[in-house]
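The structure under discussion appears below in the form of structure tokens.
Note on naming: letters A, B, ... go to the chains in the order of the sequence lines (proteins, then strands), and numbering restarts at 1 for each one.
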There are 2 protein chains.
Amino acid sequence: MDVRNSVQRNRILELLQQERIHVSAHWVFDQLRGEFPRLSLGNVYRNLHILVDQKLVHRLPLGGTRDVYEAARDDHHHFICDRCGAIIDLPGSDELSRSARELVGQSGGSVSQLSLEIRGICSSCLTGEHRSEPVR
Amino acid sequence: MDVRNSVQRNRILELLQQERIHVSAHWVFDQLRGEFPRLSLGNVYRNLHILVDQKLVHRLPLGGTRDVYEAARDDHHHFICDRCGAIIDLPGSDELSRSARELVGQSGGSVSQLSLEIRGICSSCLTGEHRSEPVR
DNA sequence: CTAACTGCAAACAGTTTGCAGAGTG
DNA sequence: CACTCTGCAAACTGTTTGCAGTTAG
């Protein structure tokens, strides 16, 4: 099952790489409707799957109602606000990675491909001035 | 809107506290069908929501197709296997918490209610002898 | 040409909700 | 009694899939 070139898939990847960082399939769909008036949501999903298979895109299992996708890039972690749903990138941290691996090791597990999700309340929400809608 | 006693809700909470740790609404439903032959899935969801409101149960936003619930308990983190979906509890770790808070702080955020999800491949999957089905 | 890509619409899974009747306090 | 809880079934949301026509290599 080869993969051929597709104008739409290229644009989806470009969008993820340039415009925003964490987006839903539906957001991609809305962005590209103007460009491809006959675009279908099903096709966006199919192309996102292909891009995930090619490891050009990550599907983030962050919970919530919609799946979230981001263009693949350097090691980093995610801080997710439990209140407004914002997803904030954090740079990779050797110290944090080491602590996490150690903790998992103590429970008899072993870890490859470590990735961390840190949940809490973001500073905007704490001060009450957070944006009105979650970034999705 | 008061909350009254409900035999079924009590049993749901008991199940979560005793039988297993991380379960889906559907699993709860299946467990209690024998006991309550006319039980409905909708009611399981309603009661889980009530228990979450009462902070007796946590709803874990772990992604995947189904929501996952666990009885509320001491601080701990979750190690989630990206391959088999197993959710493994890890004890709280001051060192890990401190590293995480520091990393978030460096990005200008601030954190309350820190909870961590560590993703990777579990040891069973690495050695190829993991259970056949994800724990859900 | 062959097989991948596409739009469309239907199917699907998990969750939520409106209703009328049963149960709690 | 008043008002919550319940089963039932329908509605909803997000995602996947079957089909026939279009397009890339």
Quiz item: Got a sec? Which of residues 33-43 of chain A come in under 4.0 Å of DNA chain C, heavy atoms?
Solution: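 Those residues are A:R38, A:L39, A:S40, A:N43.
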Exercise. Begin with the C-alpha distance, continue with both residues' side-chain angles, and end with the deciding distance and a verdict on side-chain contact (heavy atoms from CB on, under 4.5 Å) for B:E70 and B:V23.
Key: CA-CA 7 Å; B:E70 70 173 5; B:V23 301; over 6 Å; no
Quiz item: Can a salt bridge be assigned to the pair B:E95 and A:R98 using a cut-off of 4.0 Å between side-chain N and carboxylate O?
Solution: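 A:R98 and B:E95: salt-bridged.
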Exercise. Answer yes when B:R33 and B:E35 have at least one side-chain N-carboxylate O distance shorter than 4.0 Å, and no when they do not.
Key: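 So B:R33 does not pair with B:E35 through a salt bridge.
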Practice problem: Pick out which of B:L56, B:V57, B:V3 makes a side chain to side chain contact (heavy atoms under 4.5 Å, CB included) with B:I50. | Solution: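 Filter result, single survivor: B:V3.
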Self-check item: hbond_proxy B:R66 side chain to C:dA13 base (donor-acceptor, 3.5 Å cutoff)
Solution: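 When only heavy-atom distances are counted, B:R66 does not reach the base of C:dA13 through any donor-acceptor pair under 3.5 Å.
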Quiz item: Would you say the base of C:dT24 and the side-chain of B:R4 have a donor-acceptor pair closer than 3.5 Å?
Solution: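 Answer yes: a donor N or O sits under 3.5 Å from an acceptor.
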What is the distance, to the nearest angstrom, from the [atom1] atom on [X] to the [atom2] atom on [N]?
| X | N | atom1 | atom2 | answer |
| --- | --- | --- | --- | --- |
| A:N5 | C:dT2 | CG | C1' | 17 Å |
| B:N10 | D:dC5 | CG | P | 11 Å |
| A:L32 | C:dT6 | CG | P | 11 Å |
| A:D2 | C:dC5 | CG | C1' | 13 Å |
| A:N47 | C:dA4 | CG | P | 14 Å |
| B:I12 | D:dG7 | CD1 | P | 9 Å |

Quiz item: Could you state the interatomic distance from CZ (B:F79) to CG (B:D89), rounded to the nearest 0.5 Å?
Solution: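 Answer for the CZ-CG pair, B:F79 versus B:D89, is 12.5 Å.
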Quiz item: Base, sugar-phosphate, or nothing for B:H49, non-hydrogen atoms under 4.0 angstrom?
Solution: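 Since only primed, P, OP1 and OP2 atoms lie under 4.0 Å of B:H49, the category is sugar-phosphate.
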Quiz item: Under 4.0 angstrom, heavy atoms only, what part of the nucleic acid is A:R46 near: base, sugar-phosphate, or nothing?
Solution: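 It contacts base atoms.
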Quiz item: Where the side chain of B:R9 meets the backbone of B:R4, is there a donor-acceptor pair that is under 3.5 Å apart?
Solution: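 The answer is yes, because a donor-acceptor pair under 3.5 Å joins these two groups.
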Self-check item: First of A:H26 and A:V7 reached from the 5' end of DNA chain D, by closest nucleotide
Solution: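 Looking at DNA chain D, the more 5' nearest nucleotide goes with A:H26.
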